[in-house]
Amino acid sequence: MAMVHQFENDLPANSRVWIYQSSRMFSDGEAMTINQKIKDFVSKWTSHKAGVVGDGVLLFNYFVVLMADESQVGVSGCSVDSSVHFIKALGSEYNTNFFDRWNLAYMKDGEVIGCQREEFEKLLNTGEINDETIVFNNLLNTKRDFENKWQVPYRESWLKNLRVAHISFSSIL
């Protein structure tokens with residue numbers, strides 16, 4: 001069972017969010033270490049030599065989520081680059097890919113399951129994933145959206161539109 005961690009800072013709803021999904025689930029031991037690395041990164045995160053007011057956590061042993069209150073200090077350029085460098089270093093250290101946007105995730109019996117798009121489509125076709133299956137939207141930009149739209153039924157997700165477009169395009173060929 002994946003360890004569940006919470007954000008420590010009460011950042012405003014319009015705080016910027018970045019969600020990185022691992023290509024594999026981390027063990028609980030790895031998760032504890034990764035969470036400490038995330039906390040260490042956020043505590044030193046700067047933008048134009050000013051400390052970023054932010055937070056970060058590993059959720060479900062799969063997702064690194066970083067947040068920044070841009071009303072305090074804007075996050076752009078070098079500060080975004082430093083966060084990407086941090087995530088790439090984590091991926092290298094733990095032999096995982098955080099940047100494959102076709103690595104999708106859904107809930108099954110209370111557990112997060114990760115898979116590639118092709119596998120996801122097969123599961124849709126067999127009915128293992130259906131309109132009620134909870135999926136993760138990692139393309140969100142704000143804390144408000146993260147809290148309200150990160151875990152949604154498949155029928156309400158952007159993936160539903162992708163499947164319709166794929167089926168429509170495939171039927172033309």
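Just so you know, these numbers come straight off a predicted model, no measurement behind them.
- The shortest heavy-atom contact between G114 and Q21 is CA-NE2, 4.4 Å.
- S22 pairs in a side-chain hydrogen bond (donor to acceptor under 3.5 Å, both in side chains) with only one of the listed residues (T96, N103, N95), which is T96.
- Aromatic pair F136/Y62: ring centres not closer than 6.0 Å.
- A donor-acceptor pair under 3.5 Å is absent between the side-chain atoms of K143 and the main chain of V17, judged by distance alone.
- Ionic pairing of R16 and D69 is not present here: no N-O contact between side-chain nitrogen and carboxylate oxygen is shorter than 4.0 angstrom.
- Between V84 and Y20 there is a side-chain heavy-atom pair separated by less than 4.5 Å.
- The shortest distance between side-chain heavy atoms of V75 and V80 falls below 4.5 Å.
- Looking only at distances, no side-chain donor or acceptor of Q116 sits under 3.5 Å from a matching main-chain atom of L104.
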CA sep, side-chain torsions, deciding dist, call: F63, W150, side chain to side chain contact (heavy atoms under 4.5 Å, CB included): CA-CA 11 Å; F63 306 92; W150 183 48; 3.5 Å; yes
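- Here the closest heavy-atom approach between residue V42 and residue G56 is recorded as CG2-N, 3.9 Å.
- Once rounded to the nearest 0.5 Å, the distance linking CD of E93 with OG1 of T33 reads 8.5 Å.
- The side-chain heavy atoms of C115 and Y106, taken from C-beta on, include a pair separated by under 4.5 Å.
- The side chain to side chain contact (heavy atoms under 4.5 Å, CB included) check on D145 picks up L140, T142, K149, with sequence neighbours excluded.
- Under 4.0 Å is where a charged nitrogen must lie from a carboxylate oxygen, and between K108 and E128 at least one such pair does.
- V64 has its side chain within reach of L90: a pair of non-hydrogen atoms, C-beta onward, lies under 4.5 Å apart.
- Classification of R117 and E121 as a salt-bridged pair holds, one side-chain N sitting under 4.0 Å from a carboxylate O.
- The minimum heavy-atom distance between T133 and N130, with the atom names listed, is OG1-N, 2.9 Å.
- Taking K44 as the reference, nothing meets the side chain to side chain contact (heavy atoms under 4.5 Å, CB included) condition, with sequence neighbours excluded.
- A salt bridge links K39 with D55: the closest approach of a Lys/Arg side-chain nitrogen to an acidic carboxylate oxygen falls below 4.0 angstrom.
- Separation of atoms CD (E119) and CD1 (I129) is listed at 8.0 Å; rounding is to 0.5 Å.
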Any chance you could lay out the side chain to side chain contact (heavy atoms under 4.5 Å, CB included) test for S76 and H48, step after step, and finish with the verdict? CA-CA 9 Å; S76 62; H48 305 289; 4.2 Å; yes
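- Of the charged side-chain nitrogens involved, at least one lies within less than 4.0 Å of a carboxylate oxygen, so that E30 and R24 count as a salt-bridged pair.
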Evaluate the criterion side chain to side chain contact (heavy atoms under 4.5 Å, CB included) for residue pair S157 and N137; output intermediate values, then yes/no. CA-CA 7 Å; S157 75; N137 179 0; 5.9 Å; no
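- Of the inter-residue distances, the one linking K37 atom NZ with F86 atom CZ reads 8.0 Å to the nearest 0.5 angstrom.
- The shortest heavy-atom contact between S79 and G74 is OG-O, 4.5 Å.
- Here the straight-line distance linking atom CG of L59 with atom CD1 of I19 works out to 9.0 Å at 0.5 Å rounding.
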Step by step, would you call M107 with V112 a side chain to side chain contact (heavy atoms under 4.5 Å, CB included)? CA-CA 5 Å; M107 293 289 278; V112 175; 3.5 Å; yes
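- For the residue pair N141/W18, the side-chain donor-acceptor check at 3.5 Å is not satisfied.
- With sequence neighbours excluded, the residues forming a side chain to side chain contact (heavy atoms under 4.5 Å, CB included) with N97 are S23, F99, D100, listed by chain and number.
- Using cut-offs of 30° and 60° on the angle between ring planes, the pair F120 and Y154 is tilted.
- Side chains of I38 and V57 form no contact here, defined as non-hydrogen atoms less than 4.5 Å apart.
- The neighbour count for D81 CG, taken as heavy atoms of other residues, nucleotides or ligands under 6.0 Å away, is above 12.
- Looking at heavy atoms from C-beta onward, P153 lies in side-chain contact with I134 at the 4.5 angstrom threshold.
- A pairwise comparison of heavy atoms in S83 and F41 identifies CA-CZ, 3.5 Å as the closest pair.
- Here the closest heavy-atom approach between residue T46 and residue V52 is recorded as C-CG2, 3.7 Å.
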